[in-house]
Amino acid sequence: MKILVIGGAGYIGSHAVKELVNSHDIVVYDNLDTGHKEFVDKKAVFVQGDLSDNEKLNNVFNEYNIDAVMHFANYASVAESVKYPDRYFNNNVVNGLNLLNAMIKNDVKKIIFSSSCAIYGIPNEIPISESSKLNPINPYGETKLMFERILRYFDTAYGLKSISLRYFNVAGASPDLIIGEKHENETHLIPLIFDTILGKKDHVKIYGDDYDTYDGTCIRDYIHVLDIAKAHSMALEYLNNNMQTKSYNIGIGQGYSVKEVIELCKNITGREIKTIIDKRREGDPPVLVANPERFKKDAGWKEEFNIKDMIKHAWEWHKKIN
Ligand code: UDP
């Protein structure tokens, strides 16, 4: 198939492209705002462009005869979305809508969308299943939920079929160390721990130790970026065979607290990590753990890596880029 990967130069998108080029023709469309051109596999065609550029986007659909789209080009920081909601609604919703309009115009009716567990807000049950209550508590989660809803209305109106993959906390790097996580303004826990170990930061701030969890810190379900990449190719296969709009949780089903992640990083790197307890970060739910059984059952996906692999691979990658 010819797949257009929007945001294929970013952290998750570039890992998906690396997986997809083995069995598909890939065209990456990325504005390089936060992505890295050198992360795009050489077997893929690269086009630099913005989702707000209707003409360029249309030309890509025309020129490459696209069969399906994967959409990774969303802003993804909870804290930033609380501070600048306009940016998030504009990029994640308005630009996303532009993409869908271009798809309909060019008669492309299949899309895999990077959604998020942030759409559940403070979950009404743990583990979280796809039928748990949808109630985002920050603009980031709100944009993801809005887009999932738009996708459903586009199915009803235009027959656009989609799979939304609701990622939990993505971590790790490609073990061959060709690509990994590299952000200008890092906000994610594991990379920030490594920045501290490598002396780029003085300490790790633990955002709240007074949550109602076993050690007072927030619990998250971490999943390896390669398992996410694999989920994308399997989701597309499943969509091709079933042609039904669906949403799936993509996590491991096991939670780790902030303190546990820091401990694991200490053990794996053999280094000390200075921490301080800071106040809670706005928009953070206390516990997010997936029930990923539905995707396992429907698509036959299963994760290959555990949290230690994620930390190991991410640590090797961070040493390489610093
Ligand atoms: N976190 C933290 N210190 C940091 C960054 C994150 O304590 O410097 C916590 C954060 O409150 C959350 C967890 O680590 O509970 C994971 O946060 P991250 O930003 O990595 O991902 P998110 O859950 O926001 O997608």
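The analysis underlying the following values was restricted to heavy atoms, covering all of them including side chains, and did not include hydrogens, waters or symmetry mates. Keep in mind that this is a model prediction, so the values were computed, not measured. In each ligand, atom 1 is the first atom listed, and ligand 1 is the first ligand listed.
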Next item on the list: Sort out for me which residue in T143, T34, N91, D33 forms a side-chain hydrogen bond (donor to acceptor under 3.5 Å, both in side chains) with Y75.
Entry: D33

For [X], the ligand 1 atoms whose distance to one of its heavy atoms is below 4.0 Å:
| X | value |
| --- | --- |
| C218 | 15 (O) |
| I206 | 7 (O) |
| N169 | 16 (C), 21 (O), 22 (P), 23 (O), 25 (O) |
| L192 | 8 (O) |

Next item on the list: Report yes or no: does W317 contribute a side-chain atom to a donor-acceptor pair with the main-chain N or O of E181 at less than 3.5 Å?
Entry: yes

Next item on the list: Mark yes or no for whether N322, through its side chain, and H318, through its backbone, hold a donor-acceptor pair below 3.5 Å.
Entry: yes

Return the residue, atom name and 0.1 Å-rounded distance of the protein heavy atom closest to [atom].
| atom | answer |
| --- | --- |
| atom 3 (N) of ligand 1 | K205 O, 2.6 Å |
| atom 9 (C) of ligand 1 | V258 CG2, 3.7 Å |
| atom 11 (O) of ligand 1 | D284 OD2, 2.5 Å |
| atom 1 (N) of ligand 1 | Y207 CD1, 3.6 Å |
| atom 17 (O) of ligand 1 | R281 NH2, 3.5 Å |
| atom 20 (O) of ligand 1 | L189 N, 2.8 Å |

Next item on the list: Using a 4.0 Å heavy-atom cut-off, say whether Y222 meets ligand 1 through its side chain, its backbone, both or neither.
Entry: side chain

Check: Listed by chain and number, what are the salt bridge (charged side-chain N to carboxylate O under 4.0 Å, His left out) partners of K200, not counting sequence neighbours?
Finding: D195

Margin query: Does this structure show an ion pair linking D50 with K56, if we count only N-O contacts that are shorter than 4.0 Å?
Written below: no

Next item on the list: Indicate yes or no: does D298 engage K246 in a salt bridge with an N to O separation below 4.0 Å.
Entry: yes

Next item on the list: Report yes or no: does T187 have a heavy atom closer than 4.0 Å to ligand 1?
Entry: yes

Next item on the list: Work out whether the distance between some heavy atom of Y211 and some atom of ligand 1 is less than 4.0 Å.
Entry: no

Note to self: Determine whether F39 and H15 satisfy the following criterion, ring pair (Phe, Tyr, Trp, His ring centres under 6.0 Å), listing intermediate values before the conclusion.
What the structure shows: CA-CA 8 Å; F39 282 14; H15 284 81; 7.8 Å; no

Note to self: Suppose the criterion is salt bridge (Lys or Arg N to Asp or Glu O under 4.0 Å): which pairs have a residue in residues 73-100, not counting sequence neighbours?
What the structure shows: E80-R87

Margin query: Check for me whether R280 meets the cation-pi criterion with Y211, that is, NZ or CZ under 6.0 Å from the six-membered ring centre and within 45 degrees of the ring axis.
Written below: yes

Next item on the list: Only heavy atoms count here, so choose which of E186, E282, R220 is nearest to atom 12 (C) of ligand 1.
Entry: R220

